Structure formats: C-alpha cells, structure tokens
Amino acid sequence: MARSAGTVTWHWLTSRAFTTDMAYEHKEIEKKWREEWRKRGTYRVANDPARPKYYVLDMFPYPSGAGLHVGHPLGYIASDIVSRYKRHKGFNVLHPMGYDSFGLPAEQYAIQTGQDPAKTTEVNIMRYREQLDNIGFCFDWDREVRTSDPAFYKWTQWIFIQLFHSWYNAEAGRAEPITTLIGRFEAFGFSGIDRRKLTGDEDMEAPTFTAEEWKGFSETQREAVLQHFRLAYRSEAWVNWCPALGTVLANDEVKDGVSERGGHPVERKRMPQWSLRITAYAQRLLDGLDQLDWSESIKEAQRNWIGRSEGALVKFPVVGSDEVVEVFTTRPDTLFGVTFITLAPEHVLVDKLVTAERRAEVMAYVAEAKNRSERERQADVKRVSGAFTGAYVKHPFTGQDVPVWVGDYVLVGYATGAVMAVPGGDQRDWNFATHFGLPIIAVTEGADITKEADERKDATLTNSGFLDGLKVPQAITRAIQELENLGRGEGRINYRLRDAAFGRQRYWGEPIPVYYENGLPRTLPEERLPLELPAVDKFLPTEDGEPPLARAKDWTFRVVGPSGVEDHPLETTTMPGWAGSSWYFLRYMDPGNMERFASPEAIDYWHQVDLYVGGSEHATGHLLYFRFWTKFLFDRGWLPFDEPAKKLVNQGMIQGISMMAKVTVDRSSGMERYLVLPKEKHGTSGAFDRNYLIDHVTFKDGRYYIDEEGAARTRAKEATFREFHLDAPVVELTPVVEKMSKSKFNVVNPDDIIERYGADTLRLYEMFLGPIEQSKPWDTNGIEGTYRFLRKFWNLFHGAEDAFTVNDEAPTKPELKVLHATLKKVSEDIERLSFNTSVAQFMIAVNELGSLKCNKRSVLEPLTIALAPFAPHIAEELWQKLGQTDSITTAPWPAYDESHLVEDSFSYPISFNGKTRLQLEFPIALDPKSVEEQVLANPEVQARLEGKAPKKVIVVPKRIVNIVV
RNA sequence: GCCCGGGUGGUGAAAUGGUAGACACGAGGGACUUAAAAUCCCUUGGUCCGCAAGGGCCGUGUGGGUUCGAGUCCCACCCCGGGCACCA
C-alpha cells in the first residue's frame, strides 16, 4: 500500500530486467518447489508407531466467499514452523488442514441466489486451497476433512446417536449406555433419593416410580422418563428464535440481542428442541482446566461461562397451597434477613400464585417485562420494576409469612428463576425493597442498612436466631444443616452453564439421524448412515414455518416390520455449526476409515493434540463443546484421553489499517457526488466517515494522502451513479486500525504480497510483526526488511553474476560463534513460540556473516536447515544447490555447541548506585573478589569515588559490578 | 461492576531482577551511478554542556514501596483491548 503502488511495481520490474547480481528469484523458486513437493509427496504423513509423534492442529477455516486475507494465515504459519521444526527434530508430525464447511453464510447465499450451497462451498474451498498452497504449508492434504462431506458427517451423526443412547451416571462420574439406567429402573424403580445420584438434571419433573410401575409403563411413558436422562434429548426449551433467519441460535451466536451473523433481531421463545446435556459435564469441564496448558484468559472465560456457585436450595411452601417456591442462594446464612421472595416474570408459578385482586396488575407487568428485549433490559439497569402477587410463602426457620413479588431483575434461565430477597445483604434486593417500601433487616453486625446492603463475606451474623455470632462461612454450613434437618432445603451447587441447543431450522447442516414412530424419537440404525442432506427446491423454511428439510420429497424413513412396510417422518432440523468441529481432530488421524470414526490404533498413536492454534473468539463456544465431546467419547471407551488438546495458543488478530476521510454527499444532480474534505472542513454538517481503497492512497513522510489521481481511480471503480471529488488538490487521510473486512476497504490479500515478495517473505514478515498472541495492524511498509533479509541470505551463497560460491574451508571462530548463537536462540525461541525474536536472530546472523564475508558450507548448511521451517522454499532451493538430493525437510535439526559460545572475557558495566558509568573488561575466570579489587584500583573509578570508600561493592559474575557510595 | 490481557522511541517491537530500546520500518546524511533502482556505510529516545573528543541530567502510563540494582516484584490509581454480567 505504502508509496503509490504503481510506481513501486514499475521500479521493481525494471530493476529485474537490468540487473544480474540480484538473483533471488522468489517466483521461480517457489513455483518449482510447490510442484516438486507435490510430486514427491514430501508432506504425506504415515501412522508410524515406531516413531515418536507430534500433533499440531490449526482451527480449520470456514471457507467464505471472500477468500483469505493476510490475517488468516498468521496462526497457520506459526503452526507450520513448529511442525517443520518438530519434523527436523525426528518427530512424526501430524499437521492437517480441512474445512468447517457447514454454515450460515453459504445458506444465506443459497437463499439469495438459489444456488446449491454444496456447489458454492466447493468453489470457495478450491479458492482457499489455492491460496493456502501458495504460502507453502506442510499440510498432508490426503488427510483433508470437510464437515459437509457425507463421509465425514456420517460420524458426526454416529456420535449424536451415541449421545442419545447414553446417560450421565453422577454417582460413577461418567456417561454410560442408557441400558444400564433401564436396568436400574427395572430392578429398583426411581425414587427421590436416586434423583441426585443418577442424573445431572436435578430439576427434572419426572415422577418417581417403582420397578413394578416401570414395567407397566407404556413405551411413551418410558421414553418421557428417559428424555430426562439422555445426553441428547428433546425438551421444551427457551430458545433464541430469529424470525429473519427462520432459525434458533445458541447464546453465543447472539450478540446484543441480534444474530451474530447477519445482525437480525432475536426473540426468546419456548420451543421443542434437541439439546445436549453438557451440564452433566460442568464439574469435569471445570476441573479439567487445571491441567491444560492454555492461556489463563481462555481458562478464565470457560470458568466464568460454566459459572459454578456453591449454596443451598431452599424451599418456601406457599401459604394455602401445595405449591413450593424453590430458590437457590449462595448465602443461606442470611435467611433470617429474608423479607420477600422475587420470581422471574416468566416463572411458571406466577400464574398459579397470583391472587384474583392482583391478577390484572401482575399479568400486565409480566406481559410488559416479557416484551422488553434483552437489549432494553441491559440499557435500563437502574430502573427498578416489579409487582406484588398477593401470595405469601412460609419462612422455613421462623414460619412467618413472606410476600411473593415478581421482578424482572430475576432471570428465568438462571438456577430456579426465583430468589429469596435479603435486602440487608444484597444490593439488588435492597434497591427493590427501597423502591417498593419493603422492610429491610440487618443480619450482619455493623451493617448500616439505611444507605446500602452489607455484602461483606467476613461479617458476623446477628438478628439470626441460632446463627447469631457465627461468621459467614460457618453460618452457611450451619444453615444448610438446619435446612436439611427440617427437610426445607439442601446444599446445592449451581452452574450458570445451560444445556446446549442442538437443533437448527436450517438447511446447510448435518441432518439429525432421527425418525419418529408414533411420535417417539428413534435413531437411525448405524448401517443407514450417513443420512444425507436431501435436495430441496428452496432453502427457506416452508410456508407453515417448518425447517427447509420439510420441503424434501419423501423425507421419511422406511421400516419393514411385522405389520408391513411403514414410512416414518424424519427429523427436519439440522445440527448447529459446532457439531463437526467438536470432533474433527480425531478424523484427521484416520480420514479414510469406513468402519469407525478412527481406528483405535490411529487414536492410540496420535492421541491428544500437542499444540492447538486458533483464535480466542472460540473461548466459550467451540473449545467447550470440543472438550465436552472428547470427555463423552472417553467415558464410553472410544478414546484413551478425556481432553482434546494439551496446549492451546491463541494467535492475535491482524487488523487492517483503514484510510478514513471525511466526506459529504450531494445528490442534487441525480448523481451522488462525494466530496472529500480537507482537515479544516471536517466540522461541515452532514459530513461522514468513509474508507478509501488503500492502493489509491499515497504515503509520504509517515502520512497518507489522496490526490486527484487517487480520486480518479476511485471514480473509475465505483458505481456509475457515484462520483468522487476532492475539496483540495491533496487531502490527508487518517489511518484507523480496524478489523480487516471487505466493506472497510482495508483487506490485504496474501496473493498480492506473494506475487511481489514471495511466500517466504510473507511468512517471515507475519512472524516478525510481533508476538504471536498479540493483535497488531498489518502495515505492508515493514515487509521490505524481511525481503531484504532473504536476499542477503541468498547473497551469502552467491557472488557476482549469481555464481554459487559456497566453499569447504574451515570456519573461523567468530563464524562458528554466530552460527551456534543463532542455532541456540532459534531452537529455544521455537520451543516457546517466540517467532519474532527468531527472525531477528536470523537477521543478526546474516548481517554478521555478511560482514565476515562467510561463504563456508560448514556454517551455511546448518543455518539453512534452521531457516527451513520459516522460509521453506528458499531453504530447499539452497539445500539443493549445496548438493543435497533429499528434501531439506528430512534433515536433522543442527544441534548447537555451547563451547563455541564461551567467552574468555566479559566487559563489565561498572555502575555507581545502579547507574552505569563505564565498562571494564575482565577474564571470565577471574573470581569476584579479584574483580572487585581491580575495579576499585582503576583510576577512573578512583576519580569517581573522590577518595571516599564505597559502602558496598556487588559483583555479579558475567553480569555487572555495582558500587554503592 | 467483575474476570483476564496490555500500556516501552516517529512506527512494529526486544529485554532469566543486572548496560532499556536488540532486530526491523521510517527519517536524515554519505558512497556507487549520467540518472534512478538495487547495494553498502554513518546517524537516529529526549534534553543540556562542549569547537571537538567527550560528558551531565531525564526517560518503560501515574504515584508510592521492596532491593546494592526494578520495564520486570509488591500496593494504589489512570488509560486501552477482550470476556462476562440485574448470576441470586
């Protein structure tokens, strides 16, 4: 983008034409090796138990129509370097790539254009593949997976079926076949106490029954019970319904009350819905984090998402009714401070409890609260609203009547959807009580409840009967004890985590392998998988709101039974985007397997992912489901490990620099006339920001401008009804760092960079930009440095007229020092994924070897191997020129030898009170005592001491001397 | 509000508690060249003193602290990025 692109290109082409000594021809070299590697199958990986393995995985991309921009490959380059490095170190490295190819954009495009998403996805994948190939990754493409490929999603469906036929045995702490549960029912029935031991679904409304009753149940009755236990189940659930997309969205697909993709409004609706019981795994998902080498921020995000809180379930019997209001509280110690109960507006008991005289008011409030969007509720945090139901519950300890209110500060989706209000101890309850004039009781010593609630967790209880004088933690334990004695409650751990909605009213996803027989869900037999996506005439929901699959002809499953041939309707919803990505890492291990998702041998060999690289935006979505499915497959004996990835690295985002101008638009002539304003006119009314295409911008002295030529080019590219003019001959533009996106005109395409500088330069530059985990703006200006570096590296091997001049002379001491210092630094840096500093070290090495005029094989050969993971094309070319016939990728990593780095002497910085004043050189071997003596004897030191004796002298060998005066 | 990151030259950045600013971009100067490109050399945190060689002072968001010594450790605060949020 920098200087006017046209000018640079011209110079570059002409220099190529007239010079002979600059012969690093990246285009030829890279093309040659791309073909050669393909021909030789250099990157093919075999499952070879004789060799140690290393599994490096990238989060696979969704192949969008826009193609790759320079931000996408950042993580892939990093993982590619590690893969190649580990290969040099003797590991058998699995480094695969594939496509997360089901998704909403393809479907939206299909709806707009009528084209089959399978076809457009195929086209996008071809383009991605081409772009990825240009960068020179060492992916084994024979192992490619695509989530939308029936051969792949057959196994996604298979895992779903296993989930359906499994339940979570809380007592054993693992998932088991549903048959073990049925066995228990047949033997013991299902009683109240079993509930806590047998299922994660503690709030289930399933009735208790005896073994005899179970045996007498109809199939429908049995299935209704089992649905409370299956890990894949159908239930009525509150869902995020998006009318514009005609589909249900997961919580993390909704941002600010609109769909993340497309930005359409979303409303809360209760629908029958396939769900996965991830909540059964809440504790294990939490505990497992401790052993993972993942960034603290991701682990924290998952902990927050799971949201474990310890407390108690308290039962408040409704006065004059059989109903009981159950609340969850983390502070059962404050029970004596309860002055009212608040239900969420959506709570099922609201309708049952409200008294006749209050019904109108309460229902009006409920209707209003339900209609308020999430967004409104968020924007309006300060407003207190609620209504009294007229009903009362009995306090479990005092037996007093406690009024029941409804308030929208209580969320139906969290815990029981009801709170015991302790205005003396909880600020939100205090606000509510103050607003409605309800009593506030102080239950902690030293609380001033006239101003605010006392939420201290180290307080001492008061006004609290048998809890008086106890500190909060002891009081909590004591209160729970008492609740359990009275049968009015129990200790309870609550999780914020919800079960995952698994059905989508969409076309472009895996069909759920279920049919319905007399209304009962049945899974397809394994041999009938995959259940392939049917052809449809339109990709929209049907006129009566059925999902698109309902449009398919004969969307039924044929069963030949004793009563003859029967066609049963198939499920019409499809799986969400995260289904395939929850297990794809296993398929790479054995992608062609027709019998299993992967053979036990392949799984035993490749085991867990050793290094997983991807964006942090998947912190609570993909990465949680990924862990959940792995734990499930482990429980059921299909995997020997229960965490998918040992180490996770989140690469930062590469942002774009947008060129922002203030613009006014004049439509008076029927033509849109955009006028770009110079700085002094930015205040003009009606002026708005507009980004300019970066290659129409000129760069001078660190500032960006658009001139008449740029305006003319913009004009040429724009729609015919739009004109661009400048309000001054040259207008300065403001660079703004933003997400790279087509609409912001700030996308940099890797293909363009590769065309001009080569893939090796691109790879080096992306690594050189800064630490891998950090987000940073892309600025093509700096790329010259890495390009220059590669040319200097090339020139170490070549003399005038591009003659290959490497010789077999013995290396000198300084040459060996440069080499081994570089090998040491680079080896250590790759291990800790510090690629930017590795590149810097290579630059130092090349600069120093250049000064030393070193063209010796014994130095350059190991250096070439070390550079190969970063810049594989040039390294392979030079390797061949060095006379090697095997690919450089098979060369063993050159070990560094510390002996070349040993110095005889060290130049000590001599500091006074920590401030460096002079340098004195001493032999390394000299003991600290002698160093001190010699330093103090030095005339300059003496002069600085002005005859005074130093208070103290600190000598740190090979580091520093500090004189305290 | 809570939880994670992070604040270092004009810019991207580097620095096991031990010489802050490696490496690179940009900028300035010079060599080569008819000219340009490419290449090479020098300067480049701020400021002050000096003709110069050289030297002084300040400097890693702010204010304290620990230490012989702090970008790094501790406390408080400010700002930026990300995540979560009437979470009971």
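The model shown is predicted, which means the values in this text are computed figures rather than measured ones. A, B, ... follow the sequence lines: proteins, then strands. Residue 1 opens every chain.
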Along RNA chain B (nearest heavy atom to each residue), the more 5'-positioned of A:Ser851 and A:Thr329: A:Ser851
Residue whose closest nucleotide on RNA chain B lies nearer the 5' end, A:Glu300 versus A:Asn847: A:Glu300
What integer distance in Å separates [X]:[atom1] from [N]:[atom2]?
| X | N | atom1 | atom2 | result |
| --- | --- | --- | --- | --- |
| A:Ile493 | B:A88 | CD1 | C1' | 16 Å |
| A:Trp294 | B:C4 | CH2 | P | 19 Å |
| A:Lys457 | B:C2 | NZ | C1' | 11 Å |
| A:Arg496 | B:G83 | CZ | C1' | 10 Å |
| A:Ile844 | B:G21 | CD1 | P | 13 Å |
| A:Lys915 | B:G56 | NZ | P | 11 Å |
| A:Phe789 | B:A22 | CZ | C1' | 16 Å |
| A:Asn304 | B:C2 | CG | P | 13 Å |

Any base atoms under 4.0 Å from [X], or only sugar-phosphate, or nothing? Heavy atoms, all strands.
| X | value |
| --- | --- |
| A:Asn836 | sugar-phosphate |
| A:Ile954 | base |
| A:Arg788 | sugar-phosphate |
| A:Lys792 | sugar-phosphate |
| A:Val964 | sugar-phosphate |
| A:Arg308 | nothing |
| A:Gln774 | sugar-phosphate |
| A:Pro771 | sugar-phosphate |

Integer angstrom distance from the [atom1] of [N] to that of [M]:
| N | M | atom1 | result |
| --- | --- | --- | --- |
| B:A27 | B:U34 | P | 25 Å |
| B:G29 | B:A36 | P | 13 Å |
| B:G9 | B:C78 | C1' | 22 Å |

Taking only the side-chain heavy atoms of [X] (C-beta and beyond), determine which of [options] contains the nearest atom.
| X | options | answer |
| --- | --- | --- |
| A:Val419 | B:C68, B:A88, B:U39 | B:A88 |
| A:Phe768 | B:C68, B:C23, B:G18 | B:C23 |
| A:Thr916 | B:C86, B:A20, B:A38 | B:A20 |
| A:Phe328 | B:A38, B:A15, B:A88 | B:A88 |
| A:Asn962 | B:C3, B:G18, B:A14 | B:G18 |

Mutual orientation of the aromatic rings belonging to A:Phe793 and A:Phe789 [parallel < 30°, tilted 30-60°, perpendicular > 60°]: tilted
Within the distance-only criterion (no hydrogens, no angle test), does the side chain of [X] pair as donor or acceptor with the backbone N or O of [Y] below 3.5 angstrom?
| X | Y | value |
| --- | --- | --- |
| A:Thr805 | A:Phe797 | yes |
| A:Glu940 | A:Leu918 | no |
| A:Asp499 | A:Ile278 | yes |

Nucleotide paired to B:C68 in any strand shown, Watson-Crick or G-U, under 3.5 Å: B:G18
Under-4.0 Å side-chain N/O to phosphate OP1/OP2 contact, A:Arg917 with B:G54: no
Contacting residues from residues 423-430 of chain A, given that a heavy atom lies under 4.0 angstrom of RNA chain B: A:Arg428
Residues forming a side-chain hydrogen bond (donor to acceptor under 3.5 Å, both in side chains) with A:Asn938, sequence neighbours excluded: none
By side-chain hydrogen bond (donor to acceptor under 3.5 Å, both in side chains) - contacts of A:Ser838 (at least two apart): none
Short N-O contact, A:Lys817 and A:Glu848, less than 4.0 angstrom: no
SB check A:Glu296 A:Arg303 (cutoff 4.0 Å): yes
Six-ring centre of A:Tyr787, A:Arg791 cation under 6.0 angstrom, axis tolerance 45°: yes
